[in-house]
Amino acid sequence: MYKRTDTSSKRTSTWRKVTARLTLVVVTVAIIVWTLPREQGQKFKYDIGKPWMYGSFIAKFDFPIYKTDETIKAQEDSLLKTFQPYYNYDRSIGKTAVGRFVNDYRDGIPGLPHAYVKLIADRLRAIYDRGIMDTPEYNQIYRDSTTQVRVVDGNKAQSIVLSGVYSTLSAYEQLFADEIISSQRSLLQRCNLNNYIEPNLIYDKSRSDIERNDLLSSIPPASGMVMSGQKVIDRGDIVDEYAYRVLDSFDREMRRRNATSSELTDTIVGQSIFVTLMVGLFTMFLGLFRQDYFRKPRSIAMLYALITIFPVLVSLMMRHNLLSVYIVPFAMVPIFVRVFMDSRTAFICHVTMVLICTAAVRYQYEFIIIQIVAGLFAIFSLRELTRRAQVFKTAITVGVSSSIVYMTMQMMQDNDFTMMDTDMYTHFVVNSILLLLTYPLMYIIEKTFGFVSSVTLFELSNTNRGLLRDLSEKTPGTFQHSITVGNLAAEIANKIGANSLLVRTGALYHDIGKMVKPAYFTENQAGVNLHNALSYKESANIIVSHVTEGMKMAEKENLPAIIRDFIVTHHGRGLTKYFYIKYKNEHPDEEVDPTPFQYPGPDPMTREQAILMIADGVEAASRSLPEYTEENISMLVNRIIDSIVSEGHFKDCPITFKDIADAKVVLIERLKSIYHTRIAYPEEKSAK
């Protein structure tokens, strides 16, 4: 019965994953096809301030003169200044919060007269009567220049000035505006009074959206009409702003009229099949050759986002006759994928994206050749991003390679060098300049999809700032231990082909929690062991807490999740064996619960995390060796690592037996070098 349930659960999980990825493919195709240009008929090229190069333009039918997007946006902004969002006043929240406060301190507030309970409760009621909003919402409304909100209390709705209500933050400060309460602020702050302040003005999204949409719908999209037979512009006339709006409105109306149902259906079907084929082939590549990426939601999310964004951008540029598509830095795609994944995936992703873009551009052959060559040079020139100068060199390489390819294609088509189009080289220069945005945009990619680049790891490993500087100042022993562990772990990683920079950075942060109680850890002690005054369970609790305290610090400093994982996995679900065994020996007749002596875990899930657990355990144990001989070091390394493996800490980790054997060799050799093991010299016997 258990096996059947387990099998059914696995099938359900597999089906969900397949469905999720299929949905991602469908959404990607739908977005791209939806934005692809489908206009038919004649197209005019015109711009404000330039002469009209065609014959007299006379309207063939009546059509409205549409407002520009900027005009509509300005009118919307003007109307929204009068918009009042709706908030529902919930009396029960204040009543519950005040009641909870009174109940929690029914015996009085420590250190204060009992009358303070009633005083604070009355003050809270007064604040709740005015109304409390969530602080982020309050700040957002304030930034939007909204001066009033509509508060709905039962069947009544009234406009209230924003300054007449509180945010949760200002409500807390208002609580201490009372002189009597303020005089005891230091004592009252221990009561965490902010726990009794909750928003009782709840944003009514449905009603606010309806009101907002009604307000915006009152703006007419057009500001006049052009009648059939009316002359709009003549040859040689300068296109002014009004003429530009009329011509643009005519184009919009022509697109609407020319796109008959049959033409539109045929175009959409063809584009859908083409894009589906391209995205499907890319998905097959991931499923067959890059399953490690295919199984990770963040990886496939980034890949599909990249092959969606650029075709959409190209489609919009072609639809609105914007600048040349050759200024778009398509080489960003292979750069991002190469930095966070690998070169083969970067090339396939780039080719897929370029081929999809050809559905929107006019000169496909030229576009494909130039962009694929540019992508290849980007991949070759940026194997690993560790310095800003590398992006600059890559941008120059991409610009030069694109120019050379374009020039050779022109030479093959036209032997007259003086007749070649030189405007394209300007586009390539702009493309190279925009490619420099790769560096700042990489930060957005990291935060959006949860990746960590080599640049970020280098920044995090800077020991002169942040948590690492605090670690070196507060716990020099732990800091030195972390550096040594990082060096050992990095050498193991290089040996087995893991990410040495990642494991070194993780090692620097793995023990930051020891800063909370540094004197309780042997590497920071100076002859006095504070554990002698504690019970074994108390000592174990302090030792274990360096993991949880480290996580709190890491979260507060917004360390990447991949670094925080090293903190919680470097001991896994192991025990504080010293105190656990001591306790068991003193209680031989008791069935000892290991939970108080156990780290929270989880066990390592990556090879880098497993390497850190090995290096940390061996380095810490090596300090207790009475004599640093080759035999002692070898026995220690084998004993520690074999113990970790036998306890099952690597069951969920892809590390192999060969990796473990290589790690043993590296650690033995490195520890021998660190402790300068020498052969034992014979003693000279005295002459009798």
Check: [Y] main-chain N/O paired with [X] side-chain donor or acceptor under 3.5 Å:
X	Y	answer
Arg607	Ile496	yes
Arg573	Gln598	no
Thr569	Asp565	yes
Tyr105	Cys191	yes
Tyr628	Leu671	no
Asn499	Leu501	yes

Side-chain donor-acceptor pair present, [X], [Y], cut-off under 3.5 Å:
X	Y	answer
Ser646	Ser643	no
Asn487	Thr484	no
Thr478	Asn524	yes
Thr394	Ser381	yes
Glu590	Tyr583	yes

(request) Step by step, work out the salt bridge (charged side-chain N to carboxylate O under 4.0 Å, His left out) result for Arg670 and Glu619. (result) CA-CA 10 Å; Arg670 287 297 296 161; Glu619 199 282 334; over 6 Å; no
Residue pair [X] / [Y], side-chain heavy-atom distance below 4.5 Å:
X	Y	answer
Met613	Pro604	yes
Val544	Pro600	yes
Leu467	Leu559	yes
Asp603	Gln609	no
Arg130	Tyr166	yes
Asn139	Ser167	no
Glu446	Met442	yes

(request) Determine, step by step, whether Glu608 and Phe566 satisfy the side-chain contact (heavy atoms from CB on, under 4.5 Å) criterion, reporting the C-alpha distance in whole Å, the side-chain angles of both residues, the deciding distance to 0.1 Å, and the verdict. (result) CA-CA 9 Å; Glu608 287 77 14; Phe566 283 100; 3.7 Å; yes
(message) Checking ring pair (Phe, Tyr, Trp, His ring centres under 6.0 Å) between Phe451 and each of Tyr443, Phe336, Phe340, which is the one that passes?
(response)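 Of the listed residues Tyr443, Phe336, Phe340, the ring pair (Phe, Tyr, Trp, His ring centres under 6.0 Å) partner of Phe451 is Phe340.
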Report, one line per pair, each donor and acceptor closer than 3.5 Å where one atom sits in a side chain of residues 291-302; sequence neighbours left out.
from, atom 1, to, atom 2, distance (Å)
Gln291, NE2, Gly287, O, 3.1
Tyr293, OH, Asp342, OD2, 2.8
Arg298, NH1, Gly450, O, 2.8

(request) Let me see the working for Leu457 and Ile563 under side-chain contact (heavy atoms from CB on, under 4.5 Å), right down to the final yes or no. (result) CA-CA 9 Å; Leu457 291 177; Ile563 299 300; 3.9 Å; yes
Among residues at least two apart in sequence or on other chains, which ones pass ring-ring contact (aromatic ring centres under 6.0 Å, His included) with [X]?
X	answer
Tyr536	none
Tyr203	Tyr87
Tyr196	Phe101

(message) Give me each pair satisfying salt bridge (Lys or Arg N to Asp or Glu O under 4.0 Å) with a member in residues 503-531, each pair once, sequence neighbours excluded.
(response)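 Of all non-adjacent pairs touching residues 503-531, those that pass salt bridge (Lys or Arg N to Asp or Glu O under 4.0 Å) are Asp511-Lys514, Lys514-Glu523.
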(request) Give the C-alpha distance, both sets of side-chain angles, the deciding distance and a yes or no for side-chain contact (heavy atoms from CB on, under 4.5 Å) between Thr576 and Tyr599. (result) CA-CA 8 Å; Thr576 53; Tyr599 288 97; 3.6 Å; yes
[Y]/[X] salt bridge by N-O under 4.0 Å criterion:
X	Y	result
Lys495	Glu669	no
Arg125	Asp129	no
Lys552	Glu557	no
Lys664	Asp659	no
Arg469	Glu473	yes

Minimum heavy-atom distance between [X] and [Y], given as atom pair plus value:
X	Y	answer
Asn632	Glu627	ND2-O, 2.8 Å
Thr168	Ile197	O-CG2, 3.9 Å
Ile93	Pro199	CD1-O, 3.3 Å
Gly108	Val117	CA-CG2, 4.0 Å
Val102	Ala121	CG2-CB, 3.9 Å
Asp90	Ser92	OD1-OG, 2.5 Å

(message) Would Ile445 and Thr448 count as a side-chain contact (heavy atoms from CB on, under 4.5 Å) here? Give the steps.
(response) CA-CA 5 Å; Ile445 294 288; Thr448 303; 5.9 Å; no
(request) Only pairs at least two apart or in different chains count here, so list each ring pair (Phe, Tyr, Trp, His ring centres under 6.0 Å) that has a residue in residues 500-535. (result)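 For residues 500-535, and leaving out neighbouring residues, the ring pair (Phe, Tyr, Trp, His ring centres under 6.0 Å) pairs sorted by first residue read His481-His510, His510-His570, Tyr520-His531, Phe521-His546, His531-Phe579.
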(message) Tell me every residue that passes side-chain contact (heavy atoms from CB on, under 4.5 Å) with Ile567, counting only those two or more places apart in sequence or in another chain.
(response)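 Testing Ile567 for side-chain contact (heavy atoms from CB on, under 4.5 Å), a comparison that skips the adjacent residues, returns Ile512, Met551, Ala554.
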Partners meeting side-chain hydrogen bond (donor to acceptor under 3.5 Å, both in side chains) with [X] (sequence neighbours left out):
X	result
Asp134	none
Ser545	none
Glu538	Ser535
Arg106	Asn103

(request) Please name the residue in the list Leu201, Asn200, Ile132, Ile127 that meets the side-chain contact (heavy atoms from CB on, under 4.5 Å) test with Val165. (result)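 Only match with Val165 under side-chain contact (heavy atoms from CB on, under 4.5 Å): Leu201.
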(request) Would you give the length of the straight line joining atom NZ of Lys537 to atom OG1 of Thr595, rounded to the nearest 0.5 angstrom? (result)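 Result: 9.5 Å between the selected atoms.
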(message) Please determine whether the number of non-hydrogen atoms from other residues, nucleotides or ligands lying under 6.0 Å from atom CD of Glu631 exceeds 12.
(response)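 Not more than 12 within 6.0 Å, no.
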(request) Indicate, with yes or no, if the rings of Phe176 and Tyr172 have centres closer together than 6.0 Å. (result)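 Between Tyr172 and Phe176, which both carry aromatic rings, the centre distance is below 6.0 Å.
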(message) Under the rule for salt bridge (charged side-chain N to carboxylate O under 4.0 Å, His left out), what residues qualify as partners of Arg639, not counting sequence neighbours?
(response)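 For Arg639, no residue satisfies salt bridge (charged side-chain N to carboxylate O under 4.0 Å, His left out) once neighbours in sequence are set aside.
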